[in-house]
Amino acid sequence: MKFSLMHPREQLITIMERIYGFEMTTTSGGNLSILDENGDIWITPAGIDKGGLTPQDIICVKPDGTIVGPHKPSSEFPFHRAIYEKRPDFRGIVHAHPPALVAFSIARKIPKTSIIPQARIICGEVGYAPYRLPGSQELGAVIAETFAQNFDIVLLENHGVVTGAEDLLTAFQRFETLDFCARTLIHARKLGKVRKLAEEEIELSRKYGKRLATFKPVHHTSIERELRRNIVKVAHRAYDHLLMTSTGGTVSARVDENSFLITPTGVDRLYLDIDDIVLIRDGQRERRKRPSRAARLHQAIYEAHPAIGAIITAHSPAVTAYSITGQPFDTRTIPESYIVLRDIPLVPYGEQFGGGKKIAKRLSADVPVLLLQNDAILTTGATITQAFDRLEVADFSARAVIDTLAIGKLVPIGAEEVKEIEAKFLS
Ligand SMILES: [Zn+2]
């Protein structure tokens, strides 16, 4: 379903479900709005359970202040209206109090977004509004003034966060991406010093992704159709488990010697469907489709490694904490981790934007997973399931090691035991 063609009521319900489902708001906290072409503001109601909203609960406030609907509009309506007045380019606003962002708001610190390029590109710089009483005109004024300085995200002191955009989905994606940054930074600070990207490094990412020539497929084999479905399933699962964000993360699978399927760029991972998946054959893309910008990198890997059948790049907050601190990611924690992941090398930032041959060379039967500095984790496998398992095990391992820091020192499996594991499982 095309999100942009949905009625404002449905858009608001859909996004509230996503926010509530990801534990980024409570039953009482948070509010969303849409400004439509008539100047009407559609907004979530005050005092209604956020876990069970229906389209009929959504309130419409007319430009003259008339309220249409069965409830009172959100008590934060004044700041929504004040923001739309200062930012005529906005059509959607998201506000909530997710724990990781509240942690920053009460420590009175702004989460950095230049930790991975995608986050910085989606969020930009984050503004900061001083504390004011909830529901007051004063709160509306300080938030709107901060948005007027061209920030698309404003952190509210001792309160939460507000994001705005040209549509509600983009405002949500900014909100979700900033929440990802906050979660990642909280993990990372336990590990060590965070490496921020310089502007020139982010620029490298913006320029990345040469357009491929197109071809028109004459038929779609049954194997290809099955892989399309499996790619969609795994991308949804990765998204549901917070291993990917709505705008970040790629899955590809080999179809045959010279072709593979890959997820597209610019499609929300939750709404991904089989016809969005792009077939790449002999270096050309299926016409009218935009593959992930990493298509050439994946192609180089498939060309160099006939045994690789699937590749996933993703960012879970815990794994990304390693990629932005550069701390060694020790997988000799439990036998499962070492057997599935082996040792994971850290690839210096920027190498992924080359033609892909250098990255392909780093992979081997003994090195199935790479950590890309200030970017993603790249897992490979003979099948999509194996590549996905590696992603999940990497996330679990990273979370376990970071949690260990709070209770004691990590005691890795010894060299003798590792040899024993290798002899039994990996030879
Ligand atoms: Zn609030």
Side-chain angles (χ1 to χ4, degrees), residues 8 11-35 41-53 57-59 61 67 69 71-87 90-111 123 126-148 151-165 168-183 186:
Q11 290 195 19
L12 292 167
I13 296 295
T14 305
I15 295 300
M16 191 51 102
E17 277 170 1
R18 285 177 81 166
I19 293 176
Y20 189 76
F22 279 138
E23 297 169 12
M24 295 198 285
T25 191
T26 56
T27 296
S28 57
N31 35 76
L32 318 173
S33 72
I34 288 174
L35 171 69
I41 296 175
W42 301 82
I43 189 161
T44 46
I48 304 293
D49 179 1
K50 299 296 188 300
L53 280 185
D57 290 321
I58 300 300
I59 307 303
V61 184
I67 293 166
H71 313 288
K72 276 199 242 164
S74 163
S75 59
E76 296 294 16
F77 177 76
F79 84 59
H80 286 257
R81 188 172 50 195
I83 296 168
Y84 288 124
E85 277 166 14
K86 292 275 185 186
R87 287 295 295 269
F90 281 177
R91 287 287 180 272
I93 292 172
V94 170
H95 166 59
H97 321 140
L101 286 169
V102 166
F104 277 86
S105 137
I106 59 186
R108 303 194 169 183
K109 288 182 175 166
I110 295 177
C123 298
V126 177
Y128 186 84
Y131 180 83
R132 295 289 186 274
L133 186 69
S136 66
Q137 297 293 339
E138 290 75 18
L139 178 64
V142 292
I143 300 174
E145 272 160 27
T146 315
F147 273 109
F151 294 109
D152 297 325
I153 301 182
V154 176
L155 192 74
L156 312 186
E157 192 172 85
N158 292 83
H159 187 159
V161 71
V162 186
T163 66
L168 185 67
L169 188 59
T170 309
F172 167 74
Q173 289 168 345
R174 285 186 176 142
F175 168 79
E176 185 197 53
T177 305
L178 190 71
D179 186 62
F180 158 82
C181 291
R183 291 180 200 232
I186 291 167

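Each ligand, and each atom within it, is numbered from 1 in the order the structure gives. Keep in mind that this is a model prediction, so the values were computed, not measured.
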Can you name the closest pair of heavy atoms from Ala165 and Arg174 and give their distance?
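Scanning both residues, the minimum pair turns out to be CB-NH1, 3.3 Å.
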
Closer than 2.8 Å to the Zn ion (ligand 1), how many protein N/O/S atoms do you count?
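Every protein N, O or S atom under 2.8 Å from the Zn ion (ligand 1) counted, the figure is 3.
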
State which residues pass ring-ring contact (aromatic ring centres under 6.0 Å, His included) with His95; sequence neighbours excluded, sorted by chain then number.
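So His95 forms a ring-ring contact (aromatic ring centres under 6.0 Å, His included) with Phe79, His97, His159.
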
Not counting sequence neighbours, which residues clear ring-ring contact (aromatic ring centres under 6.0 Å, His included) with Phe147? List them please.
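Counting only residues at least two positions away or on another chain, Phe147 forms a ring-ring contact (aromatic ring centres under 6.0 Å, His included) with Phe90.
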
Without placing hydrogens or testing angles, list every side-chain donor-acceptor pair under 3.5 Å for residues 130-145, not counting sequence neighbours.
from, atom 1, to, atom 2, distance (Å)
Ser136, OG, Leu133, O, 2.6
Ser136, OG, Leu139, N, 3.0

Between Ser105 and Asn158, is there a donor-acceptor pair closer than 3.5 Å when you use the side chain of the first and the backbone of the second?
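Looks like yes, one N/O pair under 3.5 Å.
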
Evaluate Val162 against Ile153 for side chain to side chain contact (heavy atoms under 4.5 Å, CB included), listing each step before the verdict.
CA-CA 6 Å; Val162 186; Ile153 301 182; over 6 Å; no

